[in-house]
Colleague: 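Structure below; questions to follow.
Quick note on labels: first sequence line is chain A, next is B, and so on, each numbered from 1. As the structure is a prediction and not an experimental result, all values here were calculated from the model.
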Number of protein chains: 2
Amino acid sequence: MDRIPENCPVDDALGVLVGKWKHMILLYLLQEGTKRFNELKRMMPGITQKMLTKQLRELEDEGIIQRKVYAQVPPKVEYSITEYGRSLEPVLQAMHEWGVKHTMRRDVKQDQIKSS
Amino acid sequence: MDRIPENCPVDDALGVLVGKWKHMILLYLLQEGTKRFNELKRMMPGITQKMLTKQLRELEDEGIIQRKVYAQVPPKVEYSITEYGRSLEPVLQAMHEWGVKHTMRRDVKQDQIKSS
DNA sequence: CGGCATCCTGGGCGATACTG
DNA sequence: CAGTATCGCCCAGGATGCCG
């Protein structure tokens, strides 16, 4: 982290990850490779087609994931991480590690409240 | 990154960073140490008192920053990163590095559009 | 100086229905 | 199967004004 930037790079990174399901999609595609639309949908209970489509489009527009359409009936569309998308792995990694610690600390805080 | 969790730790990390100004506040406090309310405000042109207050409160509630009130007139309130808050540094670091590359890539994309 | 209370708006997000 | 098309809610975030 050199200087505080005028147009913050951290903002850019945050931008592509913010969205209720985006990081989930990325984690799934990173860990389990190529997935079809409905496979992703099934993996995220609660998400609607509209939202899944939207977030996939946004990630695609950013160049983070790839969309491959098979010309067949019934339709088949596969999504996968791009090379560029893999560059986000350290970021997700850092967030995941912090999240694990955070959850632990939250438990500690709960204990402190209980014992006070 | 071990397994895809039910309650995603990545979500937790994202949660504390999301908010239009939160990461900015954190970067300032990390890099420049303790700051007064109006110092922070001056550093972020465009932010309103309400928003600054709100985001500071949220960060404080998470235990990420510390609020120190001096009993004097005029009032003086100082904000600083907690030890716990410093644990976010690797996350910010990772996002910053990615952001720098991302900006570069976006420029490349612009060039590609121009030359097409 | 460092807030809090109030009002308001945009758009993120969801529910539902329809389609090639 | 993998989407569009509509409608509508909620709330993060902004504008403004008052206060100890």
Colleague: Can you identify which nucleotide, out of D:dC7, D:dA2, D:dG3, has its nearest atom closest to the A:Lys50 side chain?
Modeller: D:dC7

Colleague: Could you tell me the separation between the NZ atom of A:Lys20 and the C1' atom of D:dC11, rounded to a whole number of Å?
Modeller: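 Distance, rounded to whole Å: 13 Å.
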
Colleague: Return the value, rounded to whole Å, for the distance between atom CG of A:Leu17 and atom P of C:dG12.
Modeller: 16 Å

Colleague: Decide side-chain contact (heavy atoms from CB on, under 4.5 Å) for B:Leu59 and B:Tyr79; before the verdict, give the C-alpha distance in whole Å, the side-chain angles of both, and the deciding distance to 0.1 Å.
Modeller: CA-CA 10 Å; B:Leu59 289 170; B:Tyr79 293 92; over 6 Å; no

Colleague: Within the 4.0 Å heavy-atom criterion, would you say A:Tyr70 contacts the bases, only the backbone, or no part of the nucleic acid?
Modeller: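 The answer is nothing, as A:Tyr70 stays clear of every strand by at least 4.0 Å.
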
Colleague: Looking at every strand, decide which applies to A:Gln55 at a 4.0 Å heavy-atom threshold: base, sugar-phosphate, or nothing.
Modeller: sugar-phosphate

Colleague: Of the nucleotides D:dG13, D:dG20, D:dT4, which has the atom closest to the B:Pro75 side chain?
Modeller: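 Closest nucleotide to the B:Pro75 side chain: D:dG20.
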
Colleague: Tell me the interatomic distance from B:Met51, atom CE, to C:dA5, atom P, rounded to whole angstroms.
Modeller: 16 Å

Colleague: Check the distance between C:dG2's P and B:Arg42's CZ and give it to me in whole angstrom.
Modeller: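 About 9 Å, once rounded to whole Å.
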
Colleague: Hey, does A:Pro74 reach any base, or is it just sugar-phosphate, or nothing, if we go heavy atoms under 4.0 Å?
Modeller: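 If one applies the 4.0 Å heavy-atom cut-off, A:Pro74 turns out to touch the sugar-phosphate alone, with no base involved.
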
Colleague: What is the distance from NZ of B:Lys68 to C1' of C:dG2, rounded to the nearest Å?
Modeller: 17 Å

Colleague: Tell me which of A:Gln49 and B:Gly46 sits closer to the 5' end of DNA chain D, going by the nucleotide each one is nearest to.
Modeller: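 Residue closer to the 5' terminus by nearest nucleotide: A:Gln49.
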
Colleague: Which of the following nucleotides, C:dA15, C:dG2, D:dA2, is nearest to the side chain of B:Val77?
Modeller: C:dG2

Colleague: Quick one: B:Asn38 CG to C:dG2 P, roughly how many Å, whole number?
Modeller: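 Spelled out: CG on B:Asn38 to P on C:dG2 is 5 Å.
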
Colleague: A side-chain contact here means heavy atoms from C-beta on lying under 4.5 Å apart; do A:Leu52 and A:Ile25 qualify?
Modeller: yes

Colleague: Rounded to whole angstroms, how far apart are CD1 on B:Ile47 and C1' on C:dG2?
Modeller: 14 Å

Colleague: Measure the distance from CZ on A:Arg67 to C1' on D:dC1 and round it to the nearest whole Å.
Modeller: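 The answer, rounded to whole Å, is 12 Å.
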
Colleague: With a 4.0 Å limit, can you tell me whether A:Arg57 has a side-chain N or O closer than that to the phosphate oxygens OP1/OP2 of D:dG3?
Modeller: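 For D:dG3, OP1 or OP2 has a side-chain N or O of A:Arg57 closer than 4.0 Å.
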
Colleague: Which nucleotide sits closest to the side chain of B:Lys54: D:dA2, D:dG13, C:dG2?
Modeller: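 When the side chain of B:Lys54 is considered, D:dG13 is the closest of D:dA2, D:dG13, C:dG2.
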
Colleague: Do A:Met44 and A:Val18 share a hydrophobic cluster (ILVMFWY, side-chain heavy atoms under 4.5 Å, transitive)?
Modeller: yes

Colleague: Using a cut-off of strictly less than 4.0 Å, decide whether B:Arg36 has a side-chain nitrogen or oxygen near OP1 or OP2 of C:dC1.
Modeller: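 No, because none of the side-chain N or O atoms of B:Arg36 sits under 4.0 Å from OP1 or OP2 of C:dC1.
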
Colleague: Nearest nucleotide by nearest heavy atom, which residue falls closer to the 5' end of DNA chain C, A:Gly19 or B:Glu39?
Modeller: B:Glu39

Colleague: Below 4.5 Å, heavy atoms only, C-beta onward: do A:Cys8 and B:His23 meet side chain to side chain?
Modeller: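 They are in side-chain contact.
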
Colleague: Are any of A:Tyr79's side-chain N or O atoms less than 4.0 Å away from OP1 or OP2 of D:dG3?
Modeller: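 Yes, because at least one side-chain N or O of A:Tyr79 sits under 4.0 Å from OP1 or OP2 of D:dG3.
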
Colleague: Nearest 0.5 Å, please: how far is OG1 in A:Thr34 from CD in A:Glu78?
Modeller: 5.5 Å

